[in-house]
Protein chains: 2
Amino acid sequence: MATLKDVANAAGVSVSTVSIALKHDPRVKETTKRKILEIVDQLGYRPNGIARDLKMKSTQTMAVLLHDLGGPFYSELVTGVQDVALAYDYSPIISCSIGGKGVALKRLLLENRVDGAIILDPYIEESFIRRVASPSLPIVLLDRDIDLPYVYRVTSDHEGGAYEVVSHLIEKGYQRIAFVGGPQRSFDNQLRFNGYKKAMESQGKAVDSRLIFAGDFTEKSGYALGLSLGGSDKLPDAIFAANDEMAIGLLRALSELGLKIPQDIALAGFDDIRLSQYTVPKLTSVHQPMYELGIVATQILFRALNGDSKIEPVVLSTQLMIRDST
Amino acid sequence: MATLKDVANAAGVSVSTVSIALKHDPRVKETTKRKILEIVDQLGYRPNGIARDLKMKSTQTMAVLLHDLGGPFYSELVTGVQDVALAYDYSPIISCSIGGKGVALKRLLLENRVDGAIILDPYIEESFIRRVASPSLPIVLLDRDIDLPYVYRVTSDHEGGAYEVVSHLIEKGYQRIAFVGGPQRSFDNQLRFNGYKKAMESQGKAVDSRLIFAGDFTEKSGYALGLSLGGSDKLPDAIFAANDEMAIGLLRALSELGLKIPQDIALAGFDDIRLSQYTVPKLTSVHQPMYELGIVATQILFRALNGDSKIEPVVLSTQLMIRDST
DNA sequence: ATGAAAGCGCTAACAA
DNA sequence: TTGTTAGCGCTTTCAT
């Protein structure tokens, strides 16, 4: 692998001349520059970014840490991130923690291989985030509620979205509206539950604990719950599932039990994953602005990178997608 | 940011002692080590990976270059990559080219920021790949047919999968089987067409050019084609779409036209995306072994990284998923 | 217009 | 058991 020095030697000039010549610095004569470029080509010289990063103390790279790539919105999120990063001449690199035992995490964040990070991963521990966040490594945290220095927050309005969809159910005249939640410790889930609760209470409906069920955000858990629910005698007349995966599981189970949706029981989800437009009936859901989330998160990261530390948490509005299941 | 030197000074020892102490090298006395560790903690010292990479001329990092993350299989692929990479103590970093104008590509591959790469992106140009592939940067190319030094190939058996699904249609008794293809220049598409052709010819059916249609792998193109096809007088009795997206578009269009599937017309896709299990009727498709693809690609990359350059292209078998649309 | 030299933070061979 | 030193490939200040 040819280095700057090799090029310099071959061209009969010094490394510094080559270095600046490659930046098209006007200080170097046209003729020498041309010669240098020729040799670069001939030797197949490629700059060593690592050496450059070391010298510059900057990588022009930011990490986007996702739990897994399977989720339906990551693509949109990353597109948003990229659109902003590009303008700053930064490259986002994506890493998913699942299965990686945190090796990549450590390499990227703990060992200064990136200038900043955007994290959407409920499984990365708060202690780790606390440890790595610093003025030289600001972190934007999505969908989590952790208040730490050098950590900035952006989230969708889970509570508002849930409030809206449940209000919609109430308006439609449904009386006994069940909530099928995800993991208790999930921040999103809590907010969605809060929205459910507030919507119910604002209509003078007390939250009935017999109408609260817990799944784990998987389709499977929704399916299981749907089977037991559908078989019980006191069926609710509507269900708000805290995410679409579970809603789809519920839908499948209830349909198999011969229940008509929404006539026998209405069903709404959250996330607006692609599948919800294809189920029969199409699923009412709440859309999260993932692209905007990516945009905003990245903008905030750059503000922090530029020394701005007074950044308030941002909450982005969701959008209710009314379809045929309600 | 504290450096090794800072730690050394504070501990009253030399940098090399600190350096090896942090690797738990038995050469350094327990007591000094303990003191060093204490200072490390106190100063919040974090090793600078960049400096290390420079010295070591190795990043223990590999790039996984995807076109976008929206695809349904990337998650599985990456999981496969990670499972193998972990065993070699390597970290995969993912980058998607879409929208990035190749900035990230250049930074990663051209400037030696990774030790190797796995590429699944039909839009990265051959000339670029040729330029960057080298003994010190081997590349594993997925689903492409480019024969270059230091470039190794792994692909699903697109042709075989297509052959199998079309044979299945023939066995079922369908006579006029149409092919709805993707972009002409797509390597996958060509192979799938070859499979279609071979299956037809092996049954003595000539390929009828009036039964060959071209879309662009999007649902939208399938939908448009479906509308025009469904409205024509000479409807085929089965369609093999070169991917599920188009098949789903076709399905939607044909259903809207009141055609019954598979009674009026049968339909099969390719890729086995998640959605195909949820359409009505469920879509017959061909499953690609994405996880294995990730595994095999990564294994090959490590073989190459270890100096093995005699590596034959690998083709992995697909699996026919017969569902209700045929 | 070009060169010499220092130094980014680390590792490892060699000395002590 | 610990320290000295050179050097990875680059950028940049200061001379010339």
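Here is the naming used below: chain letters follow the sequence lines, and residue numbers restart at 1 for every chain.
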State whether a side-chain donor-acceptor pair under 3.5 Å links B:His158 with B:Asn189.
no
Without decimals, in angstroms, what is the distance between B:Lys29 NZ and D:dT2 C1'?
9 Å
Look only at the side chain of B:Gln82 and the backbone of B:Pro92, and say whether a donor-acceptor pair between them is shorter than 3.5 Å.
no
Under the salt bridge (charged side-chain N to carboxylate O under 4.0 Å, His left out) test, residues paired with B:Arg131 that sit two or more places apart:
none
Base versus backbone protein contacts along nucleotides 6-16 of chain D [heavy-atom cut-off under 4.0 Å; B, S, -]:
-BBBBBB----
May I ask you to decide if A:Gln60's main-chain N or O and A:Asp115's side chain share a donor-acceptor pair within less than 3.5 Å?
yes
Kindly determine whether A:Phe302 and A:Tyr90 satisfy ring-ring contact (aromatic ring centres under 6.0 Å, His included), including the steps that lead there.
CA-CA 10 Å; A:Phe302 283 118; A:Tyr90 259 67; 5.0 Å; yes
Taking heavy atoms of chain B and a 4.0 Å limit, find me the 5'-most and 3'-most nucleotide of DNA chain C within that range.
C:dG9 to C:dA12
N/O donor-acceptor pair under 3.5 Å between A:Lys23 side chain and A:Ser19 backbone
yes
B:Leu305: which of B:Pro135, B:Pro138, B:Ser136 passes side-chain contact (heavy atoms from CB on, under 4.5 Å):
B:Pro138
Checking the side chain of B:Ser186 only, and the main-chain atoms of B:Gly182 only, is there a donor and an acceptor separated by less than 3.5 Å?
no
